[in-house]
Protein chains: 2
Amino acid sequence: MASRMRADAQRNREQILCAARDVLVAEGVDAALDEIARRAGVGIATLYRRFPNREALLQGVAVDILSRMVEAFDRVRAAQTDPFEGLRLFMHAAVDLRIGAIMPALSGRFTVEGALSGAGRDPLRELQQLLGEAQEAGLVRGDVLVGDVTLMVIRLSRPLPGDVVPQDRDIAHRQLEIYLDGLRPAAARERAIRLPGPAIGFAWFNKIRERIAARD
Amino acid sequence: MASRMRADAQRNREQILCAARDVLVAEGVDAALDEIARRAGVGIATLYRRFPNREALLQGVAVDILSRMVEAFDRVRAAQTDPFEGLRLFMHAAVDLRIGAIMPALSGRFTVEGALSGAGRDPLRELQQLLGEAQEAGLVRGDVLVGDVTLMVIRLSRPLPGDVVPQDRDIAHRQLEIYLDGLRPAAARERAIRLPGPAIGFAWFNKIRERIAARD
DNA sequence: CCCCAGATGGATGAAATCTCTCCGCTTGCT
DNA sequence: AGCAAGCGGAGAGATTTCATCCATCTGGGG
């Protein structure tokens, strides 16, 4: 069905999705659709033809991001690096994909299941596994959970507020590197006290998903 | 002049500033003033009497945050801890003060100078000094600059998007602890490559300030 | 304890913004 | 070359936000 689209239409669709990622991550779920269209360099009508309403667009963005995520994962696996390096590559990819854009979309605005089945696999589960491998190999400190990875990546994928800051993306990648250094076992060894706050694992995300599902 | 205000008015003013911090950091500079008033538990008229326009409110928030920042700094200095611990306390305080709220406000919406003179001192300069002390004492890795501290704190002070996430604040503090571990020298020692991206020092911030000033 | 200047909240009209459709023109594909 | 699919932008209608006005209330000085 996608291949039956005219080439220019296909291209426009992709540009819309890309612009939507940027705008959603900057302004949240309620971002003006006009701006997304403008940023994509297409008319507003084009956006509406491709995605009949806001929800469809959010869903489209989520599927797009999640499947690119899965692709990134396969690339990382294929590269056969050690697990820490894999984690590093994956997190940088997630920042570039602006994964934070799907986060607000999860607020019951569309079904997570739909987006996941669209992507085919669940990146969160695969990340969980990768993190486990890195910890077993002694390359990542034992007291962090998958949430410590994902939620930081979500933060880093948003632009700094006020758009006064040039090189926003590069700054995020630099901060990610420092955070990654904080994930190493040596970093934990100098701690005086235990890591505070809510330790967020896989189960936590399931609880959130359930809560969202319950909103219907 | 502040003391000549009636007690309830004073209290309301503080509640408005506090609510404004939360809303600004969540929604950006263009947040609806109605919501700030509602969140503060006061009528919209009360907000307008205290701050005749949006700009005045932004300025008020900035002065409030910056002066609390200076106070936090004095508390840290008075505690006589080692410089790393000082940095730690200061960063946690900045997250709690929602310092990200003043960032978008810097986009030429009011004068930074005004806010700084309102606070009396420049927290950025003091932070710069504290960081230097920590590095000289060998407690913080040498390849980070003041921007690596401030810009992460700004990120951490914003709530995660979509407000699906409970315990938002606690998560930020936990992530800050991991980031702090990444700032230790031992964390840097395992690096294969140099820290990438733009190294952001004191001069960089001055350049931003100049650019904003030039917008007038 | 009384009194009123100063403080309060919410209604309100004007203005801005956003959503979504309609329609005449353009363009990729066979 | 023909035409079906695609396109952009205008604009009506709905919604949101701004900023003011005014009738009522109350803290605290005398």
Side-chain angles (χ1 to χ4, degrees), chain A residues 1-61 101 104-105 107-110 163, chain B residues 1-61 101 104-105 107-110 161-163:
Chain A
M1 47 165 64
S3 54
R4 290 193 60 93
M5 243 192 290
R6 245 166 65 173
D8 55 340
Q10 179 70 37
R11 196 177 336 116
N12 279 338
R13 197 191 125 94
E14 274 161 29
Q15 272 166 329
I16 288 169
L17 283 175
C18 181
R21 278 202 315 234
D22 286 342
V23 174
L24 285 179
V25 97
E27 324 222 341
V29 236
D30 299 321
L33 299 186
D34 307 34
E35 198 192 328
I36 293 177
R38 191 163 37 74
R39 197 89 83 102
V42 303
I44 181 69
T46 302
L47 188 152
Y48 271 96
R49 189 166 324 98
R50 226 41 79 199
F51 305 96
N53 50 51
R54 177 181 295 272
E55 198 173 321
L57 178 61
L58 294 178
Q59 179 102 10
V61 169
S107 333
R109 302 293 277 264
F110 72 99
D163 65 300
Chain B
M1 46 163 64
S3 54
R4 292 193 58 92
M5 243 191 291
R6 242 166 65 172
D8 54 342
Q10 178 71 38
R11 196 176 338 115
N12 279 338
R13 196 191 124 95
E14 273 162 30
Q15 271 165 328
I16 289 170
L17 283 176
C18 181
R21 278 203 315 234
D22 287 342
V23 174
L24 286 179
V25 97
E27 324 221 343
V29 235
D30 298 321
L33 299 185
D34 305 36
E35 198 192 327
I36 294 176
R38 190 163 36 78
R39 199 93 79 103
V42 304
I44 183 67
T46 303
L47 188 152
Y48 272 99
R49 187 166 328 93
R50 224 44 77 200
F51 305 97
N53 50 50
R54 178 181 295 272
E55 197 173 321
L57 178 60
L58 293 179
Q59 179 101 13
V61 168
S107 334
R109 303 292 277 266
F110 72 99
D163 64 300

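Below, chains carry the letters A, B, ... as their sequence lines are ordered, and counting in each starts from 1.
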Round to a whole Å and report the spacing from [atom1] of [X] to [atom2] of [N].
X	N	atom1	atom2	result
B/Tyr48	D/dT20	OH	P	8 Å
A/Phe51	C/dT19	CZ	P	15 Å
A/Asp8	D/dG6	CG	P	8 Å
A/Met5	C/dT27	CE	C1'	17 Å
A/Leu57	C/dT19	CG	P	11 Å
B/Leu47	C/dA7	CG	P	15 Å
A/Asp30	C/dT17	CG	P	17 Å
A/Glu27	C/dT17	CD	P	13 Å

Would you say [X] reaches [N]'s phosphate, i.e. side-chain N/O to OP1/OP2 under 4.0 Å?
X	N	value
B/Thr46	C/dG9	yes
B/Asn12	C/dA7	no
B/Arg49	C/dT8	yes

So if I take every side-chain heavy atom of [X] and compare against [options], which nucleotide ends up nearest?
X	options	answer
A/Ala45	D/dG9, D/dC7, D/dC18	D/dG9
B/Ala9	C/dT21, C/dA7, D/dC7	C/dA7
B/Arg50	C/dT21, C/dA7, D/dG6	C/dA7

### Message
Just so I know, are the side chains of A/Gln15 and A/Arg39 near enough to count as touching, which here means a heavy-atom distance under 4.5 Å?
### Response
no

### Query
Checking all strands, does B/Asn53 fall into the base, sugar-phosphate, or nothing category for heavy-atom contacts under 4.0 angstrom?
nothing

### Task
Mind checking B/Arg13 for me? I need base, sugar-phosphate or nothing, with any heavy atom below 4.0 Å counting as a touch.
nothing

### Task
Applying side chain to side chain contact (heavy atoms under 4.5 Å, CB included), run through B/Arg50 and B/Asn12 and close with a yes or a no.
CA-CA 9 Å; B/Arg50 224 44 77 200; B/Asn12 279 338; over 6 Å; no

### Query
Between B/Leu58 and B/Leu24, is a side chain to side chain contact (heavy atoms under 4.5 Å, CB included) present by the stated rule, with each step listed?
CA-CA 9 Å; B/Leu58 293 179; B/Leu24 286 179; 3.7 Å; yes

### Exercise: do B/Glu14 and B/Gln10 side chains pair donor with acceptor under 3.5 Å
yes

### Summary
When every non-hydrogen atom of A/Ile36 is compared with those of A/Leu47, the smallest separation belongs to CG2-CD1, 3.8 Å

### Task
With a 4.0 Å heavy-atom cut-off, tell me which residues in residues 32-44 of chain A come close to DNA chain D, sorted by residue number.
A/Gly41, A/Val42, A/Gly43, A/Ile44

### Task
Check step by step if side chain to side chain contact (heavy atoms under 4.5 Å, CB included) holds for A/Leu17 and A/Phe51.
CA-CA 10 Å; A/Leu17 283 175; A/Phe51 305 96; 3.8 Å; yes

### Task
Spell out yes or no: do the side chain of B/Arg6 and the base of C/dG6 have one donor N/O and one acceptor N/O closer than 3.5 Å?
yes

### Task
Report the C-alpha distance between B/Arg11 and B/Asp8 in whole Å, list the side-chain angles of each, state the deciding distance to 0.1 Å, and finish with yes or no for side chain to side chain contact (heavy atoms under 4.5 Å, CB included).
CA-CA 5 Å; B/Arg11 196 176 338 115; B/Asp8 54 342; 3.9 Å; yes

